[in-house]
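Counting convention: from 1, in listed order, for ligands and their atoms alike.
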Amino acid sequence: MKAATLKKPGGLDNIVIADRDQPEAGPGELLVKVAANSLNYHDYVVALGGIPTVDGRILMSDGAGEVVSVGEGVSGWSAGDHALSVFFPGWADGPGENEKRLGVPGDHADGFAAEYVAAPARAFTKAPKDYSFAEAATLPCAALTAWRALFVSTQTKPGDIVLVQGSGGVSIFALQFAKAAGATVIATSSSGEKLERLTALGADHVINYKEEADWGKAALQWTAGRGVDTVVEIGGPGTLTQSIHACRTGGHIGLIGVLTGLSGEVPTALFFQKNLVMTGITVGSQADQRDMIAAIDANGIKPVIDTHFPLDQVADAFQHQAAQKHFGKIVIDIPGDASG
Ligand SMILES: NC(=O)c1ccc[n+]([C@@H]2O[C@H](COP(=O)([O-])OP(=O)(O)OC[C@H]3O[C@@H](n4cnc5c(N)ncnc54)[C@H](OP(=O)(O)O)[C@@H]3O)[C@@H](O)[C@H]2O)c1
């Protein structure tokens, strides 16, 4: 079977489409014919060699496909079911202690950029109803992270004001989930055209963060000084100060991303003066994923897919992502060979 693998030390030139033996479902495992992956910033950092992995690692944390066979001792799954990967196969539910967050596919373990994957049944949930495999593959990392920032680390409710940053995978899901929950959404972007598309998706107010450096204060002003209830913080140190400005007293910041770096200054006095709460977020558990899928099924939310690339163009897909021209998710299609 074909798989997109990474040769050490990494870098997009070191992505190799390799021939690998087709796996079989062992006891407790599912064999899934993978039909699609989606790209996350995390996968890009792995591909660049920024997160050390073993030589020949199969890339990509997110995958969706059809169950081909069910290993001994597995219940609740049948051949033909639509399976969706989970980011943390060891995190069933409850708090995410460190030991539950090992074995991330495409990083600590082989990932889903392959025609077939055999993995323990706990590495999958069922996919949403009426979703294509490409649509399902957008969910495990980006959508679940947005879900957790809005409905697990805080409880977004009708009438809340949510601020989302940029138009990448996490932020567009956050916009869609927040609107479905009855919230008002402020969205930012570096591009006027993307701001129009965010408005078309339901954003109530948009701000160009390149043109308005004080976008957090602008958001506060738009709320007539009240402030937002929750910020879905994907920028990190370069955006956190403005996020703090945007919040209401007692507001919540879901700290998710590293797009502007890994550490920086925090206006601590403003943070406590506003009595803010900030939660660090690492994706979510399998139980969170099932809850999110129930909400998707109930609300008919569909992901925004920017572009599809075939498996042998994974490096091109990463270049497209790095250029930040995308709006929503980038998908890898894996047509596969029925003979394996
Ligand atoms: N902690 C976790 O569990 C977790 C899970 C998923 C993702 N993440 C992190 O969250 C971040 C976003 O991930 P993603 O997969 O959604 O990435 P993505 O799809 O590649 O999104 C990139 C988009 O973010 C926006 N952006 C970039 N710099 C920005 C800035 N300074 N201010 C506001 N927006 C900015 C841009 O939107 P415009 O083009 O519209 O300006 C860009 O297109 C990454 O750092 C990723 O590592 C963390």
Within the structure, is a non-hydrogen atom of Cys141 found at a distance of less than 4.0 Å from ligand 1? yes
contact_flag His326 ligand 1 heavy-atom lt 4.0 Å: yes
Of Val170, Leu259, Ile234, which meets side-chain contact (heavy atoms from CB on, under 4.5 Å) against Tyr41? Leu259
Consider side-chain contact (heavy atoms from CB on, under 4.5 Å). Of Asp229, Leu150, Val232, which one does Thr156 pass it with? Leu150
Is it true that a side-chain atom of [X] and a backbone atom of [Y] form a donor plus acceptor pair closer than 3.5 Å?
X	Y	answer
Ser285	Trp91	no
Lys179	Asp204	no
Arg57	His108	yes
Asn37	Phe112	yes

Please could you name the atoms of ligand 1 that [X] approaches to less than 4.0 Å, counting only its heavy atoms?
X	value
Ser190	38 (P), 39 (O), 40 (O), 41 (O)
Ser189	38 (P), 40 (O), 41 (O)
Thr239	31 (N), 32 (N)
Gln321	20 (O)
Val258	45 (O), 47 (O)

For [atom], grab the closest protein heavy atom and report residue, atom and distance to one decimal in Å.
atom	answer
atom 9 (C) of ligand 1	Gly257 CA, 3.6 Å
atom 24 (O) of ligand 1	Leu259 CD1, 3.4 Å
atom 47 (O) of ligand 1	Tyr41 CD2, 3.2 Å
atom 29 (C) of ligand 1	Tyr209 OH, 3.3 Å
atom 2 (C) of ligand 1	Ile281 O, 3.4 Å
atom 37 (O) of ligand 1	Ser167 N, 3.1 Å
atom 7 (C) of ligand 1	Val170 CG2, 3.6 Å
atom 25 (C) of ligand 1	Gly166 CA, 3.8 Å

Do Phe87 and His42 have ring centres separated by under 6.0 Å? yes
Does [X] approach ligand 1 within less than 4.0 angstrom via side chain, backbone, both or neither, non-hydrogen atoms only?
X	result
Thr260	side chain
Lys194	side chain
Thr145	side chain

Cluster overlap Tyr209 with Ile161, hydrophobic side-chain contacts below 4.5 Å: yes
Is it true that the side chains of His252 and Thr279 contain a donor and an acceptor less than 3.5 Å apart? yes
Do Thr188 and Gln242 get their side chains close enough for a donor-acceptor pair, meaning under 3.5 Å? no
Best match, Gln242, Gln324, Arg148: closest heavy atom to atom 36 (C) of ligand 1: Gln324
Considering both backbone and side-chain atoms of Gly328, is one of its nitrogen or oxygen atoms within less than 3.5 Å of a nitrogen or oxygen in ligand 1? no
With Lys126 as the cation and Trp77 as the aromatic partner, state whether NZ or CZ is under 6.0 Å from the six-membered ring centre and within 45° of the axis. yes
Determine, for Lys302 against Asp130, whether the closest basic-nitrogen to carboxylate-oxygen distance falls under 4.0 angstrom. no
